[in-house]
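See structure below.
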Amino acid sequence: MCGIVGLIDFSAITSAKKAPKGIVTPELIAKMRDVMAHRGPDGAGEYVNTNHTAGFGHRRLSIIDLATSANQPMSDKSTGLTLVFNGEIYNHAELRTELTGLGIKNWQTSHSDTEVLLKAWQHWGEACLPKLRGMFAFGVWDEAKGTLTLVRDRIGVKPLYFAETNGKISFASEIKALLQTPWQTRSVNENGLFHYLSFLTVPAPETLFDGIYKLPAGSMVTFGNDSHGEIKEWWNALSAAEDEAFTPDPETAVLERLQDAVADRKVADVEVGVLLSGGVDSSTNVALFSEMGNTPVKTFCIGYDSDYDSAPNEFTPAAEVAQKFNTTHFERHLTMPEVLNFLPEMVWLQDEPIADPVCVPVYFVSEEARKQGVTVAQVGEGADELFFGYRNWRAKWWLQKLANITPAYLWRCAEKISNSLGKDHTRLHDVLARAVNKQPIFWGGVDIFTEAEKQRLLGGKLKQKFAGLTSWDIIQPYYKSYNQHTIANTAKTAGWMTWVDLRLRLPELLLMRLDKMCMGVSLEGRVPFLDHRLVSLALSLPERARMHPKKLKPLLKNIASNFLPQHIIHRRKQGFALPVHEWFFSELGTEARTTINRFVTATDLLDPTAVEVIFARQDHQKAWYILNLALWWAQYIEPKTAPTMAIKNI
């Protein structure tokens, strides 16, 4: 696990009549690389070619093959290929054996997955990608062809950003590295801001920075002498699901793939632990992890100094699971002053707002794991999306069923009544509008400000610019793609709900928060439930196999009943949370209002009256989302001003 950067000066390559001379220097690569030192405290390396047109940088967190021979960037002089890679290839040993059998020799490392990836690309090119099991983001420079290829893993566990400026292509694991180039401007992507208000993140390929992009999950892009790359999809979960054979016994099939996924994610030359909440997902991780070894695993639970109504602690069920599986268990109790002091660091680590409050507990539980000697931690992300674990999902599933059988004129009448009552800002009005327009009711697990609320919240210029726009522009391509696959006939509404979250909420919010917060303390987070083979199997199952109209996660809970106590399996779902509501009545609320008011006054991006309404209603969750935006602006867009909360110099 690492931080990677790269810079290719195609403008020098294409304009030179003889030997090109670019602007890529070791000093610039090091500057880009070292702003992400937290991602790789164990080592640093750089590569710059002889004519200074191409350079890669790497910060290393040593996990597989700790020897210096496995350092990056890694080059093959015989082919002119250079690779810089962030992630883990879990099946690297099998691929090394296969490549050796095909005549690949002269291995320079004992068991480096980086070298396996480099030689796999050398031998198969992009055809190697379907062979890889793991999480990864990497760049390959082909000196002979003069091409740069960027690749992001199937699910999007690892992030990868890039920018194009006057024939210069830069890429990195984090946006702050791209900002080190002297030509990179800093300005707000207004279109991204509009959709951020719906999804708490900016959907790929855009970011909240104008001119900076992120590679979508399961995608790749190649840049050549013309410097303009076209993003293309190399893996699609729906197509993979259609390739799955019929499964007569879903429980056995899911358990077997989950066991394989947990085993894969134990592959490391350092200590691996588990983040444990006491819920079904993380407890299942602990159970399967523990049955595969004799040494007690270290587990970690996060909570607060008090039991808040909006975020009750889960220490008791977590401790019970830890005791059952004989883990070495650690707890961390957070206080509001700790969180308040952390917010500037959080925004700096995020690069762009990831407004889920869960970023905070993820960071601190990761910090505790690192303090206890763990370098890798397994987590439970993805289980709810695969196995229908959210109450609001069930509610929208029922609403969709109702929409499917109710005549359109009744929805139109209901919408008119809602408008006449002045209820156009409510979530129900959005449901009515979607039913009238024959759109799916479910637009993703995060659907925050209603379309009417967004129009009221935008500042004067943006209100005019985005009049009539909705975030259906983002959802429509996903919906069209889903209905073009035959799997939609069996997966139905439940399949759509999983699919849209696989495309948006998981890679750009949940997995992004995991990557940024874990790597902020140099911890690698691994996600067994999002193993691509398990994802394709789950999507291939009929709707009735994955969900129940009255029960959450029936399939996974049936599997878990083989090794977890019934009261753990069936206790009310809780999940990570932050007591935002309670803390906004004290110092956090005071700081938030001051910071938000500065932002609103200075930018004209949001309407002051609409923001004040949010505070007047004590809608503290939505105030938190705006606070994240204000802190980001202070940190990254206007760093020379004097924000209420401290910023970092980048």
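Side chains are part of it too, since the values below use all heavy atoms of this structure and drop only hydrogens, waters and symmetry mates.
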Quick check for you: to the nearest 0.5 Å, what is the distance between [X] atom [atom1] and [Y] atom [atom2]?
| X | Y | atom1 | atom2 | result |
| --- | --- | --- | --- | --- |
| L197 | L458 | CG | CG | 6.0 Å |
| E582 | D309 | CD | CG | 6.0 Å |
| S187 | I637 | OG | CD1 | 6.5 Å |
| I231 | K214 | CD1 | NZ | 11.5 Å |
| D501 | M497 | CG | CE | 8.5 Å |
| L200 | I354 | CG | CD1 | 10.5 Å |

(request) Hey, can you tell me if Y304 and Y308 have their rings parallel, tilted or perpendicular (30° and 60° cut-offs)? (result) perpendicular
(request) Describe, in one word, how the ring planes of F387 and F529 are oriented to each other, choosing from parallel (under 30°), tilted (30 to 60°) and perpendicular (over 60°). (result) perpendicular
Can you check whether [Y]'s main-chain N or O pairs, donor with acceptor, with [X]'s side chain at less than 3.5 Å?
| X | Y | answer |
| --- | --- | --- |
| S11 | K168 | no |
| E352 | L208 | yes |
| R154 | N236 | no |
| R546 | L539 | no |

(request) Could you walk me through whether D356 and R505 pass salt bridge (charged side-chain N to carboxylate O under 4.0 Å, His left out), step by step? (result) CA-CA 11 Å; D356 190 334; R505 179 170 171 264; 5.6 Å; no
Would [X] and [Y] count as a close aromatic pair, with their ring centres under 6.0 Å?
| X | Y | value |
| --- | --- | --- |
| Y161 | F171 | no |
| H620 | F585 | yes |
| Y625 | Y196 | no |
| H38 | W348 | yes |
| W393 | F442 | yes |

Examine the side chains of [X] and [Y] and answer whether a donor and an acceptor come within less than 3.5 Å of each other.
| X | Y | value |
| --- | --- | --- |
| E345 | Y363 | no |
| R503 | S481 | no |
| W472 | Y479 | no |

[X] bridged to [Y] by N-O distance under 4.0 Å:
| X | Y | answer |
| --- | --- | --- |
| R186 | D210 | no |
| E508 | R152 | yes |
| E367 | R332 | yes |
| K461 | D604 | no |
| R427 | E451 | no |
| R598 | E638 | no |

(message) Walk me through whether K516 and D351 qualify under salt bridge (charged side-chain N to carboxylate O under 4.0 Å, His left out).
(response) CA-CA 9 Å; K516 299 299 179 64; D351 285 327; 3.4 Å; yes
(message) Are there over 12 heavy-atom neighbours, none belonging to K463, within less than 6.0 Å of that residue's NZ?
(response) yes
(request) Identify whether NZ of Lys or CZ of Arg in K454 sits under 6.0 Å from the centre of the six-membered ring of F194 and within 45° of that ring's axis. (result) yes
(request) Could you note down all residue pairs passing salt bridge (charged side-chain N to carboxylate O under 4.0 Å, His left out) where residues 393-403 supplies at least one of them, sequence neighbours left out? (result) K396-D447, K401-E543
